[in-house]
Structure formats: structure tokens, C-alpha cells
Amino acid sequence: MKPTVFITRKLPDKSIAVLKDQFEVRMWEEEEVPVPKEVLFAEVENAEALFTVVSDPVTEELLSAGKNLKVVANMAVGYDNIDVEAATKRGVLVCNTPDVLTETTADLTFGLLLATARRVVESAEFIKQGKWQSWSPFLLAGHDVHHKTIGIYGMGKIGEAVAQRAKGFGMEILYHNRTRKPEAEKVLGAKYCSFDELLELSDFVVAMAPLTNETKHMFNAEVFSKMKSSAIFINSSRGAVVDEEALYQALIHNVIAGAGLDVFEKEPISQDHPLLSLPNVTALPHIGSASIETRMSMIHICVDNIQRILTGKNPRTLVNKSLLSE
Ligand SMILES: O=CC(=O)O
């Protein structure tokens, strides 16, 4: 019998042709509605491979239901939706999609920074709502980006790609990271500093760190109080690195000036969430890597990893690397 692959979201037929040629491919046929938990649990029972997206919780319970499961290929660089420890204990390989989305996500992050600073979304809504009466000196005036200071928290590949864009805008680049990045310091002129210095000196504080036990709710009331009152906070990593209530309070009390958010603690965020009521918040629906080219490349990596693992080869982008050496 052919091994079974379950794909949790509808994908274009041509992007999964390689899998269909060799395996029994089952797919949740909805593009925008997530697979219901009971369907996922029923499907995982017979699956050797799961193709997942960031909104699918791959819990210990799901992994134990997947008695034949060999691989979870997650269509994202982040894998905080997966209990990697539980997967590793069961010998299930976890794969992600690094590198291909680096530049695309950096474009969106810097675009969100520009949009928030220069009030682009608010201005576009203003004109479409017929509110434009006349040119006036401070109509929708925002903050400059060029030659300001950007502070990047989490200098991984995407952080460095954001820094590269900031360099083009003549910005002073500060960063804080678990390890120093000598190459980024040399090539981009990025300066390493403590987290507190980054908060105190930056005009734009950009959260780029993955969500872990250490980074959960890292951006809290105390952290916002250390930022400049003119600071703009940008988050395109994971919603849960921010205490959203603390961010809301910081915004309404002018502790900081604005926020650009591509990610939220609960996604999709509900329409009546207080953050969405604020004019100085630019909110996007988790589209960091969402260009057609990059999303196709991410699918391709997942497909390739599944194909390789189910035919006895090593995957290209493995998260729980300890499993290969066993
Ligand atoms: O959020 C998306 C990703 O982690 O790739």
C-alpha cells in the first residue's frame, strides 16, 4: 500500500503533483477554513506524513494519534505550533521552510514600518472615505524613517535582511540577539547593544525573535515604558511575544507612538479587538511571507521534504536534527 500524506489546506494541484505520483494524497479541500480538529485527528491515524500550516496545532495528543507518522512538514520558518519535543520523542521528523522566505518577509516588515510611520493605511482609508477637503500643512503627517534609529530584537536571517533595508534608508542600526553577529556588524554597520539600550535609543523597535518560553510576552508594560514616547513598535514574528493588553495601554496612554502588527496572539484576531480600534495601529493578517513566488517555494520545500523522507532519504530542512544522527 502507498504511504498516505495528509495536507491540511487546499493547495494548487500542480504544486503537489510529485506527491500524487507516488503516494496516497488526502487534502482538506478548503483554502481559508482550517481543518476541524476531529477531521485532522481522523486523518492523522492513517498518515505517514502531515503537511501543516502555522495555524495547525500539532500537539502531543495529535502526534500520539498518528501511529504511522514519520514527518510533519510545516509551511513556515517558525514551528511554535508544533510540540517538537513530543515529535522527537516519537521519532517524527519536523521540517520547516527557512531561507526562501527571508527577503519576502523582510520586505513586508520594512513595508509595515514605513506604512506605520507615514500613516499610509490611514491615509488610504481617509481618501477612499471622501474625507479629503484640502491640502493642509500637517494633514496626516507622520514620522520620518530615513536616518532614524532602528532596533532589531532577534538578529536571525530575517533580522539581517531588515537591517539591510534599513541601511538603504541611512538608518542607525542597533540589534540585540542571543549571539553577536560579527558579519552583520561589519557589512551592515549594525551595533550590538543590551536589550535596555535598544529600547531606550531606538525610534523603531522591531521584534523579529521566534516565539519560545523565553520570548513569550517579552514585550510587556515595563518594556514599553523603556521605549521613547515617539517610538514605533513593529512585530512580524509571532503575536505571543507581545503582551497585547500592555501594548494597548502603552498606545492609548502615549507611552509609545504607534505599532505595526502582522501577527497576533490569537489569529485571526477578532474584529472588536481593542488594538484594531486605534488609528496609530497598522494591522495586517499575518502576510509576512505572502508573495506568490515565496509561498510556492515554501510549498515546494514541504513537498520535497515529504517525498525525501517517505522514500528513505534525508530531508533538506530538518528542525529536530538530533533524529538524523540516531
Ligand atoms: O509566520 C510564518 C513563518 O513562520 O514562516
I'd like to know if the side chain of [X] reaches the main chain of [Y], judged simply by a donor and an acceptor atom lying under 3.5 Å from each other, with no hydrogens or angles considered.
{"X": "His273", "Y": "Ile269", "answer": "no"}
{"X": "Lys20", "Y": "Ile16", "answer": "no"}
{"X": "Asn320", "Y": "Ser322", "answer": "no"}
{"X": "Ser277", "Y": "Pro274", "answer": "yes"}
{"X": "Thr212", "Y": "Glu214", "answer": "yes"}
{"X": "Asn177", "Y": "Met155", "answer": "yes"}
{"X": "Trp132", "Y": "Ser134", "answer": "yes"}

Proximity of Tyr153 and Tyr175 rings by center, below 6.0 Å = no
inquiry  = Taking the ring of Phe6 and the ring of Phe51, is the distance between their centroids below 6.0 Å?
reply    =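 When the ring centroids of Phe51 and Phe6 are compared, they turn out to be at least 6.0 Å apart.
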ask   = Between His147 and Phe169, does a ring pair (Phe, Tyr, Trp, His ring centres under 6.0 Å) hold up when you go through it step by step?
value = CA-CA 6 Å; His147 299 97; Phe169 279 69; 9.4 Å; no
Decide, yes or no, whether a salt bridge links [X] with [Y] under the criterion of side-chain N to carboxylate O below 4.0 Å.
{"X": "Arg180", "Y": "Glu185", "result": "yes"}
{"X": "Glu125", "Y": "Arg119", "result": "no"}
{"X": "Lys226", "Y": "Glu200", "result": "no"}
{"X": "Arg238", "Y": "Glu265", "result": "no"}
{"X": "Arg9", "Y": "Glu30", "result": "no"}
{"X": "Glu85", "Y": "Lys89", "result": "no"}

ask   = Checking salt bridge (Lys or Arg N to Asp or Glu O under 4.0 Å) for the pair Arg165/Glu103: CA distance, chi angles, key distance, verdict?
value = CA-CA 10 Å; Arg165 284 150 182 78; Glu103 301 294 331; 2.7 Å; yes
ask   = Step by step, would you call His143 with Arg118 a side chain to side chain contact (heavy atoms under 4.5 Å, CB included)?
value = CA-CA 6 Å; His143 300 269; Arg118 295 298 307 274; over 6 Å; no
Close side-chain approach of [X] and [Y], heavy atoms under 4.5 Å:
{"X": "Trp28", "Y": "Pro34", "value": "no"}
{"X": "Ser237", "Y": "Thr215", "value": "no"}
{"X": "Thr116", "Y": "Asn280", "value": "no"}
{"X": "Ile173", "Y": "Lys191", "value": "no"}
{"X": "Asp203", "Y": "Ile232", "value": "no"}
{"X": "Ser289", "Y": "Arg295", "value": "yes"}
{"X": "Leu69", "Y": "Leu63", "value": "yes"}
{"X": "Val205", "Y": "Ile150", "value": "no"}

Near [X] [atom1], under 6.0 Å, is it more than 12 heavy atoms from other residues, nucleotides or ligands?
{"X": "Gln129", "atom1": "CD", "result": "yes"}
{"X": "Tyr79", "atom1": "OH", "result": "no"}
{"X": "Lys157", "atom1": "NZ", "result": "no"}

request  = Kindly determine whether Thr294 and Ser291 satisfy side-chain hydrogen bond (donor to acceptor under 3.5 Å, both in side chains), including the steps that lead there.
outcome  = CA-CA 5 Å; Thr294 292; Ser291 70; 3.2 Å; yes
So how far is it from [X] [atom1] to [Y] [atom2], rounded to the nearest 0.5 Å?
{"X": "Thr8", "Y": "Asp56", "atom1": "OG1", "atom2": "CG", "answer": "3.5 Å"}
{"X": "Met296", "Y": "Leu11", "atom1": "CE", "atom2": "CG", "answer": "8.5 Å"}
{"X": "Asn96", "Y": "Cys302", "atom1": "CG", "atom2": "SG", "answer": "8.5 Å"}
{"X": "Leu93", "Y": "Thr88", "atom1": "CG", "atom2": "OG1", "answer": "9.0 Å"}

key: Lys10/Glu29 under salt bridge (Lys or Arg N to Asp or Glu O under 4.0 Å): CA gap, chis, key distance, verdict   = CA-CA 5 Å; Lys10 184 168 174 51; Glu29 292 287 340; 3.2 Å; yes
note = Residues passing the salt bridge (Lys or Arg N to Asp or Glu O under 4.0 Å) test with Asp21, sequence neighbours excluded, are none
key: Asn46/Thr4 under side-chain hydrogen bond (donor to acceptor under 3.5 Å, both in side chains): CA gap, chis, key distance, verdict   = CA-CA 7 Å; Asn46 301 313; Thr4 300; over 6 Å; no
request  = Check step by step if side-chain hydrogen bond (donor to acceptor under 3.5 Å, both in side chains) holds for Ser194 and Asp196.
outcome  = CA-CA 5 Å; Ser194 72; Asp196 275 0; 5.8 Å; no
task = Could you please spell out the steps behind the side chain to side chain contact (heavy atoms under 4.5 Å, CB included) verdict for Thr149 and Phe204?
result = CA-CA 6 Å; Thr149 300; Phe204 298 91; over 6 Å; no
key: Residue from Val72, Asn74, Leu211 passing side chain to side chain contact (heavy atoms under 4.5 Å, CB included) with Asn81   =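 The residue from Val72, Asn74, Leu211 that satisfies side chain to side chain contact (heavy atoms under 4.5 Å, CB included) with Asn81 turns out to be Asn74.
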message = Pairing donors with acceptors under 3.5 angstrom, does anything connect the side chains of Asn254 and Ser229?
response =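 Short answer, no.
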Derivation of the side chain to side chain contact (heavy atoms under 4.5 Å, CB included) call for Phe264 and Leu261 = CA-CA 7 Å; Phe264 299 90; Leu261 308 169; 3.7 Å; yes
Residue pair [X] / [Y]: nearest heavy atoms and the distance that separates them:
{"X": "Val92", "Y": "Leu323", "value": "O-CD1, 3.4 Å"}
{"X": "Phe195", "Y": "Val223", "value": "CE2-CG2, 3.9 Å"}
{"X": "Ser202", "Y": "Ala231", "value": "O-CB, 4.0 Å"}
{"X": "Met298", "Y": "Leu101", "value": "CE-CD2, 3.6 Å"}
{"X": "Ile309", "Y": "Cys95", "value": "CD1-SG, 3.9 Å"}
{"X": "Pro279", "Y": "Glu122", "value": "O-OE1, 3.5 Å"}

ask   = Given Thr109 and Asp262, is the side-chain hydrogen bond (donor to acceptor under 3.5 Å, both in side chains) satisfied, shown in steps?
value = CA-CA 8 Å; Thr109 305; Asp262 182 43; over 6 Å; no
Step-by-step salt bridge (Lys or Arg N to Asp or Glu O under 4.0 Å) determination, Arg26 to Glu43 = CA-CA 8 Å; Arg26 300 181 56 81; Glu43 292 288 351; 2.7 Å; yes
key: Chi angles and distances behind the side chain to side chain contact (heavy atoms under 4.5 Å, CB included) call for Thr59, Asp83   = CA-CA 5 Å; Thr59 58; Asp83 187 337; 5.7 Å; no
